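Sequence positions, counted from 1, serve as the residue numbers for this chain. In each ligand, atom 1 is the first atom listed, and ligand 1 is the first ligand listed. None of these values were measured; they are calculated from a predicted model.
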Amino acid sequence: MRSSRIILAQLPTPIEPLEKISALLGGPRILIKRDDQTGLALGGNKTRKLEFLLADAIGKHADVLITAGAPQSNHCRQTAAAAAKAGLRCVIVLGGSPPDVPNGNLLLDRMLGAEIEWTDRDHRNTRMEEIAAQMRTEGHTPYVIPVGGSNGVGAQGYVLAAQEAFGQLAQLGEHVATMVVASSSGGTQAGLALGAKMAGYDGRILGISIDKGERGPDPYEVELAAIANATAEVMGSPVRMTADEFSVEYGYLGGGYGIVGSLERGALSAMAKEEGIILDPVYSGRAFGALMDMIGKGKIVGGGEGEKSEKRNGVLFWHTGGGPSCFAYAKELA
Ligand SMILES: *Cc1c(COP(=O)(O)O)cnc(C)c1O
């Protein structure tokens, strides 16, 4: 069971082997799940969440979508596209100040017709609520989507994505021991982990933290469990998860969110030059760089003897998209 859904994505996204990079790293066989190819305005992982969020918004007779993010938010770009397609207004609250020339996702937000509001990063949520309240007084019905679309409604998209991937892997005769995904607002990892638990998957869903350290009082794993449980509730499932069922790697925060370092540059370069695939410098590049590093250090091993066991110990890397932000990082990447 799940709540209603509006089709926005081109599914299933392909799973492909990364033959050359796998050989180069000399570790496990690596497969890639192409969620950068979901199809909506250059694609990415937020499209799967938006299929459920948009359906919920329309069910509530909303006429405006309001969401927030960083200036190069892929989530905001995909939300702007979903709103455009559905004929809704879209207001995007971005943390920071406007650049002289908009590029990357910000340029696309404008092309997609979103109304853009700037505030400082810490005030994005209160700004969204202020705008929503103002709109209600004007007779509108706003629908506020949290940063990253990560709540029980949105994360349903990744429960379905997990089911989709398990079906494809079975058909391909591949059994991966580890799935690796960039993790930030949490809906993607929470949905995948819940989908994996529902399916009885015996492997590991490893989130690479993009921007959160191991905080004491409010650990990220607690947030992930809360999103997963809200999702299970929306879906009418009795499955529940606890914080200790999530695995998150915190060792690759680099210079902080959106700061491009040699890890990200190396991952983007390897994936582009070996496989013809474009990663992004903020999320998928950091996560794939982490995977390359962990394989290099023997933290993720594969192989064993023979092709069969190699397949059993494979890795599935979720490419969550983000390529459009490369253009806004031209200085750092060139
Ligand atoms: C938002 C985003 C992520 C992180 O997904 P969450 O559900 O927010 O954890 C990863 N990669 C890209 C490209 C993204 O835009």
Side-chain angles (χ1 to χ4, degrees), residues 9 13 32-38 40-53 67-82 92 94 104-106 108-109 124 145-159 161-162 179-195 205-212 220-221 223-228 230-231 246-250 252-253 257-258 260 264 267-268 271 277-291 317-326 328-329:
T13 57
I32 188 167
K33 174 72 168 156
R34 298 295 305 272
D35 267 20
D36 57 318
Q37 300 291 318
T38 52
L40 180 71
L42 304 182
N45 63 336
K46 303 313 181 305
T47 301
R48 289 188 191 263
K49 303 179 188 178
L50 284 161
E51 291 195 329
F52 290 95
L53 292 161
T67 198
Q72 282 302 320
S73 167
N74 302 294
H75 163 68
C76 289
R77 181 239 316 153
Q78 287 161 84
T79 303
I92 286 173
L94 299 177
N105 284 303
L106 180 58
L108 298 176
D109 293 343
R124 293 183 305 194
I145 298 176
V147 171
S150 287
N151 59 15
V153 175
Q156 290 177 96
Y158 271 89
V159 175
M179 293 190 177
V180 174
V181 67
S183 197
S184 175
S185 67
T188 305
Q189 187 179 356
L192 287 177
L194 178 63
I205 311 287
L206 176 62
I208 307 297
S209 176
I210 297 304
D211 53 358
K212 291 179 183 69
Y220 184 46
E221 289 85 347
E223 270 177 60
L224 289 169
I227 298 168
T231 310
F246 290 89
S247 53
V248 183
E249 169 60 53
Y250 294 99
Y252 297 93
L253 299 168
Y257 178 82
V260 185
E264 293 81 16
L268 263 68
M271 194 73 105
I277 293 173
I278 304 301
L279 296 172
D280 82 284
V282 181
Y283 298 96
S284 56
R286 179 163 289 179
F288 195 72
L291 174 57
F317 176 73
W318 285 81
H319 188 341
T320 44
S325 80
C326 284
Y329 283 92

Set out, in order, the CA-CA distance, both residues' side-chain angles and the distance that settles side chain to side chain contact (heavy atoms under 4.5 Å, CB included) for Lys49 and Thr188, then state yes or no.
CA-CA 8 Å; Lys49 303 179 188 178; Thr188 305; 3.5 Å; yes
N/O donor-acceptor pairs under 3.5 Å from side chains in residues 281-288, not counting sequence neighbours:
{"from": "Tyr283", "atom 1": "OH", "to": "Tyr257", "atom 2": "OH", "distance (Å)": "2.7"}
{"from": "Ser284", "atom 1": "OG", "to": "Asp280", "atom 2": "N", "distance (Å)": "2.9"}
{"from": "Ser284", "atom 1": "OG", "to": "Asp280", "atom 2": "OD1", "distance (Å)": "2.5"}
{"from": "Ser284", "atom 1": "OG", "to": "Gly321", "atom 2": "O", "distance (Å)": "3.3"}
{"from": "Arg286", "atom 1": "NE", "to": "Tyr252", "atom 2": "O", "distance (Å)": "3.4"}
{"from": "Arg286", "atom 1": "NE", "to": "Glu264", "atom 2": "OE2", "distance (Å)": "2.6"}
{"from": "Arg286", "atom 1": "NH1", "to": "Ile210", "atom 2": "O", "distance (Å)": "2.9"}
{"from": "Arg286", "atom 1": "NH1", "to": "Leu253", "atom 2": "O", "distance (Å)": "3.1"}
{"from": "Arg286", "atom 1": "NH1", "to": "Gly256", "atom 2": "O", "distance (Å)": "3.2"}
{"from": "Arg286", "atom 1": "NH2", "to": "Gly256", "atom 2": "O", "distance (Å)": "3.1"}
{"from": "Arg286", "atom 1": "NH2", "to": "Ile259", "atom 2": "O", "distance (Å)": "3.0"}
{"from": "Arg286", "atom 1": "NH2", "to": "Glu264", "atom 2": "OE2", "distance (Å)": "3.2"}

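- No hydrogens or angles considered: nothing links the side chains of Asn45 and Asp35 as a donor-acceptor pair under 3.5 Å.
- Listed for the Gln156 side chain is a donor-acceptor partner under 3.5 Å among the backbone atoms of Val153.
- Contact check for Tyr250 versus Tyr220: side-chain heavy atoms found under the 4.5 Å cut-off.
- At a 4.0 Å heavy-atom cut-off, the residues surrounding ligand 1 are Asn45, Lys46, Lys49, Asn74, Ser150, Ala182, Ser183, Ser184, Ser185, Gly186, Gly187, Thr188, Asp280, Tyr283, Thr320, Gly321, Gly322, listed by chain and number.
- Not one N or O on the side chain of Arg124 forms a donor-acceptor pair closer than 3.5 Å with the backbone of Val147.
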